[in-house]
Amino acid sequence: MDWKIRKNEYNQEKIAEDGNRFLIGNGYMGVRGTLEEYEKEQLVAINLAGIYDQVGEQWREPLNAPNGFFGFLEIDGKPYRLPAETPKSHFVELDYRNGICKRETCFRTGRGDVILTCERFVSMKKVHLGVIRYRIRANFHADINLITGIDADVWDINGPHYKRISMDEESMLNISAVSEEKEYQVSVVADERTEFPCEKRNYQERLKSLRIINFITDINREYCVDKFFAVYTSKDTDDCYRMAKDEVLQAVAKGYETLLSEQKEAWEEIWSNAEVLIEGDEKSMEALNYSTYHLASIAPRHRKSLSIAARGLSGQTYKGAVFWDTEMFMLEYFLMTNPSVAKTLIRYRIDTLEGAKKKAKQYGYQGAFYAWESQEGGFDACSDYNVTDVFTKRPMRTFFRDKQVHISAAVVYAIARYIEVTGDQSILEEGAVETVIECGLFYYDLLLQRVGKEGYEIHDVIGPDEYHERVNNNGYTNRMAKYTFQVAVQLMNQVSDEDKIATAYPLEELKKKFEEAGEKIYIPQPNGNNVIPQFDGYFDLEDTTVEEVRSRLLDPKEYWGGAYGVASHTQIIKQADVVTWLAMFPADFSKKVLLDNWNYYEPRTEHGSSLSACMYALLACRCGMPQEAFPLFMKSASADLQGGGKEWAGLVYIGGTHPAAAGGAYMVALKGFAGLEFQNGKVYVRPNLPKHWKSMKFKIMYQKQQYEIEINEQKTEVRAIKKEAL
C-alpha cells in the first residue's frame, strides 16, 4: 500500500465529489480538494472549525475563509485554467499518509506544452498555516504569468457571510473580512518565495488580492514558487492581521522543505497510534486507513473544548453542526488513538450544558435536552422546516429538532465510555457529573405512565430511523434512557461531597428516582419470532421491500420520511435502529435474538444514512458472521474513497465527507473483526476476521497504557508497549 489515492483524468462532473475525496485538513481548517484555479462555482472552501454566522433568516452555518490557495497560469498572455481549458493530461493525488494534495496538469498551447504541478498542505504543526509549491516547466520559451493570491469571493450555501472586505496595500497579500451576525473578523495574509529572476506586481480585482509573477522559461527547466498563507479569526486573537502576518513571515523564513519535514513528522506521530495493518486484503487496509485519515484531519487538537461536525470540515453542509455522530460513531477512534482529542470532544458537551438546559426549558422540560444540530454554545441550528418538498418547493415540517431526544443519551454514553477507556476521572470535576444528572432529569421528565400500569414509557419521539416520526416507545430511545439513569446513579455513587455537584436536587433523592426509572422503563421485548418491534405498532405497518418503496418515488430527490413520505407507512427504515441498540448492548439478549433481528431488519433497511452499514456490520460480527459483515464494513470504509453517496435531502444539498462512517468502519475493524473488549481493567481480543484476512495488527490506548495487538492464523497477542499521559 503506497498511502496515495490518485485520479488520472479530468472530469468536470466529479468536481464536488473530488472536493471531498482529496480534502486536506488539520482540525482548525479543512480545505476541499478542489483545484487552485477554481472559484466558488466549483465549491471551493476553506472551512473553519467552530465559528458560525447567520445572514438574515437563512440557516446559520460555519464560515469559509478567503481562499489563500488561489492561483492560475497565463501563458503567452492567455489564461490556462480548468474547467475552461481542456488539458492534454491531468492527475490529482492525495498522499494521505502525510496530508499532502498534489495535482499535475499539462496544457497544450500553440507553441508547445506547459506542465503545472502544485503540491499543497495545511500544517498539522502550525494549524493556521497553509503551504503550496508551484512547479512550472515548458518545452519552449514560454512567457509565464503565475497569478496567485487570496480570493474572498467564497462559496456559501446560506451566505454571503462577509459584509465588509478590506485589502491593505502592502508588500504582502492580505484580506480581512467581517462577518454579518457577530462581526467576527477573519484575516488571511500570504507571501511567496522565488529563487529565480522574475517581475512581481500586486493588484486587486473582484474581492481578490493578487500578485503576478512574470518570467520567461528556459526550455525544460523547472521553476519553483513557494507560497505561504495564514488564517486567523477574532475567536483566536484580538489582532488577526498581525498574527497572520507574523505566521507567514516565520514560514517564509523556514522555507518549504522545513515545513514539509515538520508536516511529515506530525503525521507520523498520528499514524504511530492509528495505523491498522491488514495482511491478505490491501484494498480493505487502504479503505480503512484512508477513512481514518479523514478523522485525523478534522480532530480539534488546537482547542481544549471543541467538537466535530457531521460533515467534518468539508464545507457548510448540515450547517456545520455537531450531531450524535461524534459521540456514537467518531469518539471510539479518538479514545483508541488520541485520548486528549476525545477529552476535547467531551468538554464541548460539558461546556454547552447551559444551551441544552435552555432548550429543554423551551419545550417545558427540566434537565438537558441537547441540540440535534449543535453550534456555538449548544445553540440548536435545526429548523422546524428542515426539508424542502420537491413538488411544492415549500419547506416541510419536520420533527428532528423537537423529537429526536436520544442525543442527550449519546452525550452520557460518551462520558461513560471516556471514563471507562481512559481511566481519567478528572472529567468528573469538570462538570461531567452535572451533565449526566441533567440528562437524567430530562429523560425523567419525559416518562409517562398509563393508568393501571406499572411501567414507564416515552412517547412521541423519532429514533435513529428518521423515516418514522412521532412514534411511541422507540426501543433504542428507551434503552438509552435506561442507560442514562444507570450511569447517573453510578456516578452519583462515586461522589462523596454533595456540595461539589451543582444541582438543585439532593443526590439521594435523585438516585432513588433514577433507580426506579431505570428499573421500570418499558423496554420492547422480542415477539414470537424473536424480533423486537422498533416502536409501538411497527409490525402493523405495510411489510414490503426497499425496491418496491423506491419504485413509488415520483422524483429521485423526494424525501422518504415525514407525513407523506413513501416509507413512512411501511416497515422500510432509513438506517439501523433496533440494530444499533443490539450492537451496543449485545448482552441484553441471546445470540439467537441478535441474529434473528439482524436477519429481519437488514433487508428492510434502505441504508439511507452513512451511519447505518457499520452498525449492521458490528452486529453481524457479534453474531459470528464476519463474511456478512465485510461488505457492510467496506461500504462504511469506502464512503469517501468511492463517493456516490446520497447528495440530496429534498432540495437541500447534503454532500461532503462522512466522518461518522469512517469512525464506524474503525469500530467494526477493532470491536467486530478483532473482537476488542475491555473487562475489569484488562484488554481482550476474540478474533472474528473475514476468511481472506491473514492477519491484523494495530495499536490502542487503554487507561494510559499503549498496547500493540497482533492477530494471525498462529496466535493472538496483546503486548503492553508504553505508558502515555493524557
Less than 4.0 Å between a side-chain N and a carboxylate O, is that true for [Y] and [X]?
X      : Y      : result
Glu542 : Arg552 : yes
Arg311 : Asp640 : no
Glu327 : Arg349 : yes
Asp281 : Lys694 : no
Glu93  : Arg103 : no
Glu466 : Lys574 : yes
Asp460 : Arg470 : yes
Glu677 : Arg686 : yes
Lys592 : Asp596 : yes

Mind checking whether [X] and [Y] have side chains closer than 4.5 Å, heavy atoms only?
X      : Y      : answer
Val471 : Ile462 : no
Cys614 : Phe633 : no
Ile458 : Ile521 : yes

When the ring planes of [X] and [Y] are compared, do they come out parallel, tilted or perpendicular, using 30° and 60° as the limits?
X      : Y      : answer
Trp324 : Phe329 : perpendicular
Phe673 : Phe630 : tilted
Tyr600 : Tyr538 : perpendicular
Tyr290 : His294 : perpendicular

### Message
Can you tell me which residue among Trp581, Trp372, Tyr370, Phe323 is in a ring pair (Phe, Tyr, Trp, His ring centres under 6.0 Å) with His406?
### Response
Trp372
Smallest separation among heavy atoms of [X] and [Y], with atom names:
X      : Y      : result
Glu373 : Cys382 : OE1-CA, 3.3 Å
Asp325 : Ala310 : OD2-CB, 3.9 Å
Val546 : Pro603 : CG2-O, 3.6 Å

### Query
Within a reach of under 6.0 Å around OH of Tyr363, are more than 12 heavy atoms found that belong to other residues, nucleotides or ligands?
yes
Just by distance, no angles: are the side chains of [X] and [Y] close enough, under 3.5 Å, to form a donor-acceptor pair?
X      : Y      : result
Gln534 : Asp465 : yes
Asn474 : Lys403 : no
Tyr318 : Glu61  : no

### Message
The test is salt bridge (charged side-chain N to carboxylate O under 4.0 Å, His left out); show your working for Asp389 and Arg397 and say whether it passes.
### Response
CA-CA 10 Å; Asp389 187 293; Arg397 177 65 164 103; over 6 Å; no
### Message
What verdict does the side-chain hydrogen bond (donor to acceptor under 3.5 Å, both in side chains) test give for Ser612 and His607, after you've listed the backbone C-alpha separation in whole Å, the side-chain angles of each residue and the deciding distance to 0.1 Å?
### Response
CA-CA 5 Å; Ser612 184; His607 296 298; 2.7 Å; yes
### Task
For a side chain to side chain donor-acceptor pair (under 3.5 Å) with Asp18, tell me which candidate from Lys7, Arg32, Gln42 qualifies.
Lys7
### Message
For the CZ atom of Phe400 and the CG atom of Asp380, what is their distance to the nearest 0.5 Å?
### Response
12.0 Å
### Query
With a 6.0 Å cut-off on ring centres, are Trp3 and Tyr96 close enough?
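Between Tyr96 and Trp3, which both carry aromatic rings, the centre distance is below 6.0 Å.
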### Task
Taking the six-membered ring for Trp and the single ring otherwise, decide whether the centroids of Tyr52 and Phe379 are under 6.0 Å apart.
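Aromatic pair excluded; centres sit 6.0 Å or further apart.
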### Test side-chain hydrogen bond (donor to acceptor under 3.5 Å, both in side chains) applied to Thr605 and Tyr616, step by step
CA-CA 10 Å; Thr605 305; Tyr616 277 93; 2.5 Å; yes
### Task
For the pair Ser374 and Tyr348, evaluate side-chain hydrogen bond (donor to acceptor under 3.5 Å, both in side chains) and give the outcome as yes or no after the intermediate values.
CA-CA 10 Å; Ser374 183; Tyr348 170 82; 2.6 Å; yes
### Message
Can a donor-acceptor pair be found, under 3.5 Å and without considering hydrogens, that links the side chain of Gln571 to the backbone of Leu541?
### Response
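Checking the backbone N and O of Leu541 against the side chain of Gln571, a donor-acceptor pair under 3.5 Å is found.
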### Task
Carefully, step by step, assess Asp53 and Arg60 under the rule salt bridge (charged side-chain N to carboxylate O under 4.0 Å, His left out).
CA-CA 6 Å; Asp53 183 74; Arg60 199 165 183 263; over 6 Å; no
### Message
Please evaluate residues Glu457 and Asn472 with respect to the criterion side-chain hydrogen bond (donor to acceptor under 3.5 Å, both in side chains), reporting the C-alpha separation (whole Å), side-chain torsions for both, the decisive distance (0.1 Å), and the verdict.
### Response
CA-CA 8 Å; Glu457 302 181 6; Asn472 296 339; over 6 Å; no
